[in-house]
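The first residue in the sequence is number 1, and the count goes up from there. Counting starts at 1 for both ligands and their atoms, in listed order.
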Amino acid sequence: MKIVVTELIWEEGLEVLRQMGETDYDPDLWKKDSLISAVAGADAVVVRNQTRVSRELLAAAAGLKVVGRLGVGLDNIDLEACKQLGVKVVFARNANAISVAEYVFAAMLSFSRQLDRAAEDVRKGNWNRRRFTLTELYGKTLGLIGVGEIGSRLAARARAFGMNLVGYDPYLPPYETACTEFGVVMTGLDQLLSQSDFISLHVPLNNHTRNLINKDRLALMKPTAYIINTARGGIIDEAALYEALKAKKIAGAALDVMSREPPAGSPLLELENIILTPHIAGLTEEAQVRTSVLVAREVCKVLRGQASCCLAG
Ligand code: NAD
């Protein structure tokens, strides 16, 4: 068996793959011209979110049986082409959902209590207790757009903080745990946007969700509300977001993902009321060990002809 790993994988997962077969590992292969020739003859290709698993790559890897995605979003993989060619795709279902949910809390608490700014102010010799008298999360409304693995974990944590929860997810059955156990009240998208103090996005990027949060939808938000995107760049219209933040039509935004990463030259970089992070919401040691081992094991299962619990589609 030949396995090609084109991006960063944790050692624990690599070990699992090496036991299965000859494993070529180059964390920078995704950006090299040699990518296409390197996958020739591969039975499995393991990627994160940078490698474009295109028709061209799939054609070069004739005989490919499985693509392993070390993460959740599948927008870098041509799923239709994989289906046509009989190539299975496995992904890290659930493996980094807790990390992403905790990131959203870090962002909400950063907006609500501004510890970094208060600490920086004290370091300058100030003692501004009034300036840093801010707000509680308790009693505020969190709107979840997409109530899947991450959205429901976030709901469980937000409930413990005494937040009110509203959700928008037209594909969610009404008996889902998020609604029955964590008190998420399902509503329409526009109602969610106008009611929420914090809005958090947890939908995949596809033709239905591209620019889902556009100028008109941003205009529905309260001027005191914050929006947090850990899902994918492209779901929020960044030009419209820039205008809304600059004119203080909304209070702030936290973006872990952007339409171009890194966002060199983006006007969003100039704004004060935005937190930009380098696509790290799912990146914790714990989540990466889980992701690497899970995907490696599922790739091996497919190579052995066994059923996988993490198949896409
Ligand atoms: P999931 O599949 O469990 O949940 C997605 C939910 O979105 C589903 O319940 C689905 O019904 C809903 N949905 C789909 N289309 C929708 C639409 N048009 N409107 C409203 N709801 C819709 O996925 P998840 O594990 O919760 O992950 C969500 C997304 O988060 C992923 O697709 C991925 O892009 C992103 N993600 C980012 C990071 C990061 O590091 N920033 C890490 C993990 C996942």
P170, any N or O under 3.5 Å of ligand 1 N or O: no
Any N or O of G282 closer than 3.5 Å to N or O of ligand 1: yes
Any side-chain heavy-atom pair of V89 and V53 under 4.5 Å: no
Side-chain ion pair, E80 and R55, N-O less than 4.0 Å: no
Those atoms of ligand 1 less than 4.0 Å from some heavy atom in V147: 9 (O)
The one among L205, N49, V72 that brings a heavy atom closest to atom 25 (O) of ligand 1: V72
Residue pair N214, D237: steps toward the side chain to side chain donor-acceptor pair (under 3.5 Å) verdict: CA-CA 5 Å; N214 56 21; D237 175 340; over 6 Å; no
Pick from L192, N206, T230, L255: the one approaching atom 41 (N) of ligand 1 most closely through a non-hydrogen atom: T230
Closer than 4.0 Å: a protein non-hydrogen atom to atom 2 (O) of ligand 1: no
Any side-chain heavy-atom pair of E176 and D169 under 4.5 Å: no
By side chain to side chain contact (heavy atoms under 4.5 Å, CB included) - contacts of L311 (at least two apart): K88, V90, S308
H208 N/O to ligand 1 N/O under 3.5 Å: no
For L192, the option from L144, I199, L142, V185 that meets side chain to side chain contact (heavy atoms under 4.5 Å, CB included): I199
Close approach, I145 and ligand 1, non-hydrogen under 4.0 angstrom: no
Best match, L201, D169, L172: closest heavy atom to atom 9 (O) of ligand 1: D169
Any G71 heavy atom less than 4.0 Å from ligand 1: no
Under 4.0 Å to a heavy atom of T209 - the qualifying atoms of ligand 1, by number: 17 (C), 18 (N)
